[in-house]
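The block underneath contains the structure these notes are about, expressed in C-alpha cells.
Just so we're on the same page: letters track the sequence lines, and every chain starts at 1. Hydrogens, waters and symmetry mates are skipped; everything else that's a heavy atom, side chains included, is used.
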Protein chains: 2
Amino acid sequence: MKLTIKDIARIANVSPTTVSRVMNGKTEYVTQETQERVLKVIEETNYQPNQIARSLVTRETRTIGLVLPDIRNPFFTELSRGIEDYANQLGYFVILCNTDHKSEKEIQYISLLKDKYIDGLIVVSSLENPISHIKKITTENTPIVLIDHKANDEEINCVYFNNYQGGYLATKHLIDLGHKNIGCITGPLHVQSAVERFNGYKDALRDNNISFKDEFIFQGNYRYEDGIESAKYYKSIGVTSIFASNDLMALGANQKLAELGVKIPEDISIVGLDNITPIGISDSFLTTINQPFYEMGKTACSLLLDQLKGLIQTNKNIQFDATLVLGKSTAHPKK
Amino acid sequence: MKLTIKDIARIANVSPTTVSRVMNGKTEYVTQETQERVLKVIEETNYQPNQIARSLVTRETRTIGLVLPDIRNPFFTELSRGIEDYANQLGYFVILCNTDHKSEKEIQYISLLKDKYIDGLIVVSSLENPISHIKKITTENTPIVLIDHKANDEEINCVYFNNYQGGYLATKHLIDLGHKNIGCITGPLHVQSAVERFNGYKDALRDNNISFKDEFIFQGNYRYEDGIESAKYYKSIGVTSIFASNDLMALGANQKLAELGVKIPEDISIVGLDNITPIGISDSFLTTINQPFYEMGKTACSLLLDQLKGLIQTNKNIQFDATLVLGKSTAHPKK
DNA sequence: CTGTTAGCGCGTTCAA
DNA sequence: TTGAACGCGCTAACAG
C-alpha cells in the first residue's frame with residue numbers, strides 16, 4: 001500500500017501540515033529538529049507525495065504540451081530536444097502530440113490538452129490562422145508559444161526564423177562567388193516561409209544588379225523529390241548555381257545532378273537552407289544556411305516557463321537569425 | 001472562472017452525482033429526459049471535467065511515460081511515433097524523456113514518472129541490468145514494457161528484434177551472391193545486440209563452410225565514423241564484401257570507399273542492418289536488413305495498454321523478425 | 001513554531 | 001431513478 005502524507009505525519013509524530021511544510025521548503029517556521037525528524041522518516045520510508053493530489057490544489061501539473069506536425073521531420077526532432085532539455089531541467093515534463101499537418105488533429109489535441117491538463121502549450125501550427133483558432137479553444141490564462149509563426153503586436157508569444165534573411169544570405173553567397181545565373185527552387189508558395197525565402201532570393205539579385213529571370217525558377221514543395229525533378233531542368237538551361245529553398249531539395253538536386261554527370265560544385269554550385277545534418281551524408285558537404293532549431297526550441301520553452309511563473313507579462317516575438325554554413329557544394333563559377 | 005460539476009448540476013437542476021453519471025455513461029439508472037437535459041447544459045456551457053480531480057479518485061491519468069536514449073536517433077524517432085500513434089488513438093498521452101544513454105538520468109526519470117504520475121511505462125534502457133533496476137524503483141502494479149531487451153521467463157514485458165537473424169540473413173545474402181571474403185564491422189561487443197549480430201555473421205559462415213578469419217573483422221561502435229575508419233583497412237586487405245552491423249557504419253564505409261575510388265557494388269558489396277532511411281540518400285541504395293521500429297513501438301504500446309486494462313496478466317516476450325531489403329549496394333563478386 | 005479545519009473537483013457509497 | 005455525504009491526498013488559512 002502506498003504511503004500518504006498522513007502516514008508520514010503519524011510516524012514522525014507531527015501533523016500532515018508540518019510534513020507538507022518540510023517537503024515544500026517552507027521551513028522558516030519549522031524547528032531544525034522537527035524538520036530533520038520528518039526528513040528522516042521521508043528518507044526511510046522512501047515516501048513520494050502524490051503529484052495528482054498536489055496538482056489538484058496547487059493548480060499546476062508541471063507538464064507542458066508540445067503539438068507539432070511530425071516528430072520524424074528532422075527540424076521538429078531537434079526542436080523537441082531543445083524544448084525537452086530545457087523543460088526537464090526545470091522539472092517539467094513534455095507531452096508530445098503529432099498532428100501530421102492535419103487541422104482536425106491539431107484542434108483536437110489542443111482541446112484535449114487544454115488548460116486542465118497542462119500548464120502551458122507550445123505549438124507548431126498547421127492551421128491557416130493559428131492565433132484565432134488556438135485562442136478560441138484555450139482559455140485566457142493558458143500560456144502559449146507559437147513556433148514558426150509571426151504575430152502582430154503582442155497577441156501571443158512567437159519564436160520564428162528569419163526566412164527572408166536566409167534566402168538573401170544564400171543567394172548573396174553565390175553572387176559573391178561570382179555567379180550570375182542563379183536558379184532558385186522555391187518551396188510551396190502558399191506557405192509564408194517559402195514566400196519569404198523566395199523574396200530574399202529576389203532582393204539579393206536586385207541589390208546586386210542581377211536581373212530576375214523567370215526561367216531560373218523551379219517551384220518545389222520542400223520535398224527531396226522536388227530537388228530530383230529540378231535537376232534535369234537546370235542541367236538543360238545551363239545555370240551555374242542553384243539556391244534550393246531547403247536542404248532536402250538541395251540534396252535531391254545534388255543527387256540527381258551527380259547522376260547526370262554534372263560535377264558539384266565545379267559545374268554547378270548548390271546552396272541549401274535549414275542545415276539539417278542527415279545521417280550518411282558526409283558532414284559539411286552541403287553549403288547551407290543554418291536555422292537554429294535546438295535554440296529555437298529552448299527559447300520557446302524558456303518563454304513559456306517565464307510566463308508560467310509570472311516573470312513576464314507581455315507577449316514577445318523573437319526572431320532568429322540566419323547564418324551561412326560553408327560546405328563543399330559551392331565554388332566560383334568556371335570562366 | 002472555470003465551470004465545475006457543481007455548476008452544471010445547478011444549471012441543469014440535478015445533483016452533481018447525476019451529472020457524473022451522465023458523463024461516465026452510467027446511464028442505466030438515469031431517465032432519458034434528465035440525461036438529455038444534462039447533456040444539453042454540458043454542450044451549451046462547453047463544460048469539460050477537471051482531469052486532475054478525476055484522476056485523483058479514479059487513479060488513472062491516461063498518460064504513459066516513454067523513456068529512451070535520444071529521440072534524434074532515427075530508430076527512436078520511428079519507435080516513438082509507433083507508440084504515440086497507438087496511444088493517442090486510445091486516448092492516452094505520452095510523456096517523452098531523453099536519457100542520453102545516462103544511467104542516472106534514466107533512473108531519475110523513471111523515479112519521477114513513477115506510479116503516481118503515469119499509468120504505465122515504456123523504456124528503452126541504457127542500464128546494465130534494466131529489469132532489476134527498474135523493478136526496484138517502480139512499484140509492483142506499474143505496467144512496464146521494455147524495448148530492445150529480452151527477459152527470462154515472464155519477469156516483464158519485452159519487445160525486441162531478432163538481431164541474430166539479422167546478422168545471419170545479411171551474411172547469407174552475401175554468400176548467396178557468391179562472396180567468400182566477407183568482412184564484418186561489428187558493433188560494440190559489450191552490447192547484447194552487437195554480439196548477436198556478430199554471432200549471426202559467424203554462424204552463417206559456418207553453415208556454408210566458409211572459414212572465419214580474424215583479419216576480416218573490424219570492431220566498430222555503431223557510429224558513422226567507424227564505417228569511415230574501416231574503409232581504408234578493408235580496401236587494403238581485399239575483401240569482396242562487407243557486412244556492417246548497422247546502417248550508419250555501412251553508409252560510412254560506403255562514403256569513404258567511394259572516395260578511395262572503390263566502386264560499390266562492383267568492387268565491394270556492402271550490406272547494412274536496421275533499414276534507417278536517411279534523408280538525402282537515394283532510396284533503396286543500401287541493401288540492408290529491416291528492423292520494424294514503428295511496428296515494435298505499436299506492439300509495445302498495445303502490450304502496455306492491454307495490461308493496463310487487465311486484458312492480459314502474464315508478461316510476454318515478443319520477438320520481431322529480420323527481413324532482407326534489396327538495394328544497389330550488393331552484387332555478385334567479380335570473377 | 002505547530003496543528004486543526006477546510007476545500008481543490010471529482011467518483012462512489014448508501015439511503016431515500 | 002436520484003441525491004447527500006464522504007473521501008482521494010494534498011496545501012492553505014487560521015488559530016493557538
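The side chain to side chain contact (heavy atoms under 4.5 Å, CB included) search around Asn88(A) returns Glu84(A), Phe93(A), Tyr109(B), not counting sequence neighbours. For Ile107(A), the side chain to side chain contact (heavy atoms under 4.5 Å, CB included) criterion is met by Leu127(A), His133(A), Ile137(A), not counting sequence neighbours. Among residues two or more places apart in sequence or in another chain, the salt bridge (charged side-chain N to carboxylate O under 4.0 Å, His left out) test is passed with Asp70(B) by Arg81(A), Arg72(B). Every residue meeting the salt bridge (charged side-chain N to carboxylate O under 4.0 Å, His left out) condition with Arg10(B), not counting sequence neighbours, appears here in chain and number order: Asp7(B). Scanning for side chain to side chain contact (heavy atoms under 4.5 Å, CB included) contacts around Gln32(A) gives Gln35(A), Glu36(A), with sequence neighbours left out. In terms of the side chain to side chain contact (heavy atoms under 4.5 Å, CB included) criterion, residue partners of Gln319(B) (sequence neighbours excluded) are, by chain and number, Tyr160(B), Asn162(B).
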What donor-acceptor contacts under 3.5 angstrom involve side-chain atoms of residues 297-305 of chain B, with partners at least two apart or in another chain?
from      : atom 1 : to        : atom 2 : distance (Å)
Thr299(B) : OG1    : Glu295(B) : O      : 2.9
Ser302(B) : OG     : Thr299(B) : O      : 3.2

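The ring-ring contact (aromatic ring centres under 6.0 Å, His included) contacts involving residues 54-92 of chain A comprise Phe75(A)-Phe293(A), where partners must be two or more places apart or lie in separate chains. For residues 37-46 of chain B, the set of pairs meeting the side-chain hydrogen bond (donor to acceptor under 3.5 Å, both in side chains) definition, not counting sequence neighbours, is empty.
Using five terminal pairs a side, the axes of the helix from dC1(C)-dG16(D) to dA16(C)-dT1(D) at its two ends make an angle of 40°, given in steps of 10 degrees.
For the segment residues 30-38 of chain B, the set of residues with a heavy atom within less than 4.0 Å of an atom of DNA chain D comprises Val30(B), Thr31(B), Thr34(B), in numerical order. Listed by residue number, the members of residues 10-25 of chain B with any heavy atom below 4.0 angstrom from DNA chain D are Val14(B), Ser15(B), Thr17(B), Thr18(B), Arg21(B).
Judged by distance alone, the side chains of Asn315(A) and Gln307(A) do bring a donor and an acceptor atom under 3.5 Å apart.
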